[in-house]
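Here the structure comes first, spelled out in structure tokens, and everything after it is commentary.
Quick note on labels: first sequence line is chain A, next is B, and so on, each numbered from 1.
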Amino acid sequence: MKITTWNVNSLTARLQHVLDWLQANPVDVLCLQELKLTEDKFPLMELAAAGYAHCAVFGQKTYNGVALLSRQPLREVGRNIEGFQDESSRVIAATLDTPAGPLRLVNGYFVNGQAPGTEKFAYKMAWLDGLNRYLAAQLREHPRLVLVGDFNIAPEDRDSYDPEGLRETIHHSTPEREHFRRLLELGLVDGFRLFEQPEKSYTWWDYRMLGYQKNRGLRIDHVLVSQALRSAVQACSIDRTPRKWKQPSDHAPVTVDLALG
DNA sequence: ATGCCTTTTTCAAAAAGA
């Protein structure tokens with residue numbers, strides 16, 4: 001069972017890339033962030049024709065928006081963080097039945113936060129608090145859980161191209177990293193770090209300053225699996241291929257392979 | 001260096017991203 005997370009930076013602008021990527025990588029579930037479109041504009045027909053007939057969408061005009069694209073039916077769809085009032089469409093969750101039992105998928109577009117000390121950063125902290133409480137409850141209800149998405153946090157120095165120069169700036173700050181650590185304390189495991197990985201592995205590169213060409217990137221898109229799934233993880237990798245295509249998203253997709261019968 | 005690129009608003013210039 002392959003599950004991929006990808007911030008596409010507008011599904012309208014990136015639909016052809018998504019279709020091309022899925023044709024080459026027919027994963028079981030694709031979790032998208034930053035749709036930047038409302039549900040009525042979601043390309044259901046094109047994705048169904050590509051084999052993804054079961055989509056759970058939580059859209060928003062211009063900003064945010066998340067979706068789960070699945071080959072098999074999804075049930076118990078949840079939107080945003082229960083108990084946390086949010087104007088933005090940032091979380092979509094659903095359950096997928098597998099031969100090995102139900103699998104809970106939680107897909108998030110975490111708050112960017114702009115810069116420590118700003119109002120947006122305070123929103124990021126409050127949102128992460130809410131997410132932690134929500135996930136603790138989700139894990140009690142669904143022990144077999146995968147949390148994926150654009151976390152907008154580089155968890156460790158090795159997840160940044162310039163950890164010294166960017167120390168305590170956005171995505172690198174201690175309070176953000178503390179929140180990432182708190183997610184791990186819930187029993188979640190960073191799927192990418194279960195395996196030996198190339199040095200300087202990143203999932204996002206700035207469009208400006210030849211960021212990709214110079215590999216000035218950050219690893220901010222993650223796949224976290226619950227303890228119950230840890231032994232099922234077969235592989236986890238970043239695919240830089242679509243970042244090289246014309247007019248790409250600034251993020252690369254990350255795929256986890258789970259052995260689920 | 002309040003920059004650099006990209007997308008969306010909507011047709012010009014601003015906001016936001018990371």
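Residue side chain D206(A) does not reach the base of dA18(B) through any donor-acceptor N/O pair under 3.5 Å, judged by distance alone.
Among the atoms of the strands shown, only primed sugar atoms or phosphate atoms (P, OP1, OP2) are found under 4.0 Å from some heavy atom of E34(A). Heavy atoms of I220(A) sit under 4.0 angstrom from primed sugar atoms or phosphate atoms, though from no base atom. Using a 4.0 Å heavy-atom cutoff across all strands shown, R14(A) reaches sugar-phosphate atoms only and no base atom. Residue contacts for N7(A): at a heavy-atom cut-off of 4.0 Å it reaches the sugar-phosphate backbone alone, with no base atom in range. Nucleic acid contact for H172(A): none, since no nucleic acid atom lies under 4.0 Å from a heavy atom of the residue. Within 4.0 Å (heavy atoms only), K124(A) reaches no atom of the nucleic acid at all. D150(A) comes within 4.0 angstrom of the backbone, heavy atoms only, and of no base. Among the atoms of the strands shown, none is found under 4.0 Å from any heavy atom of Y212(A).
Residues H251(A) and N9(A) have side chains not in contact (no heavy-atom distance under 4.5 Å, counting atoms from C-beta outward). Inter-residue side-chain proximity for I81(A) and D86(A) is flagged as unmet; no heavy-atom pair is nearer than 4.5 Å.
Take the nearest nucleotide of DNA chain B for V111(A) and for M209(A): the residue whose nucleotide is more 5' is M209(A). Nearest-nucleotide assignment on DNA chain B puts the 5′-proximal partner with T12(A), out of N64(A) and T12(A).
For D250(A), the salt bridge (Lys or Arg N to Asp or Glu O under 4.0 Å) test picks out no residue, with sequence neighbours left out. A search for side chain to side chain donor-acceptor pair (under 3.5 Å) contacts involving D162(A) returns nothing, not counting sequence neighbours.
A ring pair (Phe, Tyr, Trp, His ring centres under 6.0 Å) with W127(A) is found for exactly one of F151(A), F121(A), F110(A), namely F110(A).
Taking atom CH2 on W205(A) and atom P on dT6(B), their separation rounds to 16 Å, with Å as the unit. For the pair H251(A) NE2 and dT6(B) P, the interatomic distance rounds to 14 Å; values are reported in whole Å. To the nearest angstrom, P of dA18(B) lies 10 Å from CD of Q33(A). When the P atom of dA18(B) is taken as reference, atom CD of E176(A) falls 12 Å away, rounded to whole Å. Between the OH atom of Y207(A) and the P atom of dC5(B) there is a distance of 13 Å, rounded to whole Å. Computed from coordinates, the D250(A) CG to dA16(B) P distance equals 17 Å when rounded to whole Å. Rounded to whole Å, atom C1' of dC5(B) lies 15 Å from atom CZ of R216(A). Between F110(A) atom CZ and dG17(B) atom C1' there is a gap of 17 Å when expressed in whole angstrom units.
The environment of CD in Q72(A) is sparse: at most 12 heavy-atom neighbours from other residues, nucleotides or ligands sit within 6.0 Å. Around atom CZ of R193(A), more than 12 heavy atoms belonging to other residues, nucleotides or ligands sit under 6.0 Å away.
Using modelled atom types, one finds no donor on one side chain facing an acceptor on the other under 3.5 Å when comparing D150(A) with W204(A).
Straight-line distance between the P atoms of dT6(B) and dT10(B): roughly 23 Å, to the nearest whole Å. The separation of dA12(B) from dG17(B), taken at their P atoms, amounts to 26 Å, rounded to a whole angstrom. The gap from the P atom of dC4(B) to that of dA13(B) amounts to 15 Å, rounded to the nearest Å. Taking atom P in both dA1(B) and dA15(B), one finds a spacing of 23 Å when rounded to whole Å.
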If you restrict it to nitrogen or oxygen atoms, what contacts under 3.5 Å exist between nucleotides 9-12 of chain B and the protein, and what is each distance?
{"unit_1": "dT9(B)", "atom_1": "OP1", "unit_2": "T62(A)", "atom_2": "OG1", "d": "3.2"}

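Of the candidates dA16(B), dA18(B), dT7(B), the closest approach to any side-chain atom of K120(A) belongs to dA16(B).
Between H171(A) and dG17(B) there is no side-chain polar atom (N or O) within less than 4.0 angstrom of OP1 or OP2. Between N112(A) and the phosphate of dG17(B), there is no side-chain N or O to OP1/OP2 separation shorter than 4.0 Å. Not one side-chain nitrogen or oxygen of N9(A) sits closer than 4.0 Å to the OP1 or OP2 atom of dT7(B).
Ring pair H17(A)/W245(A) is perpendicular by interplanar angle, where above 60° counts as perpendicular and below 30° as parallel.
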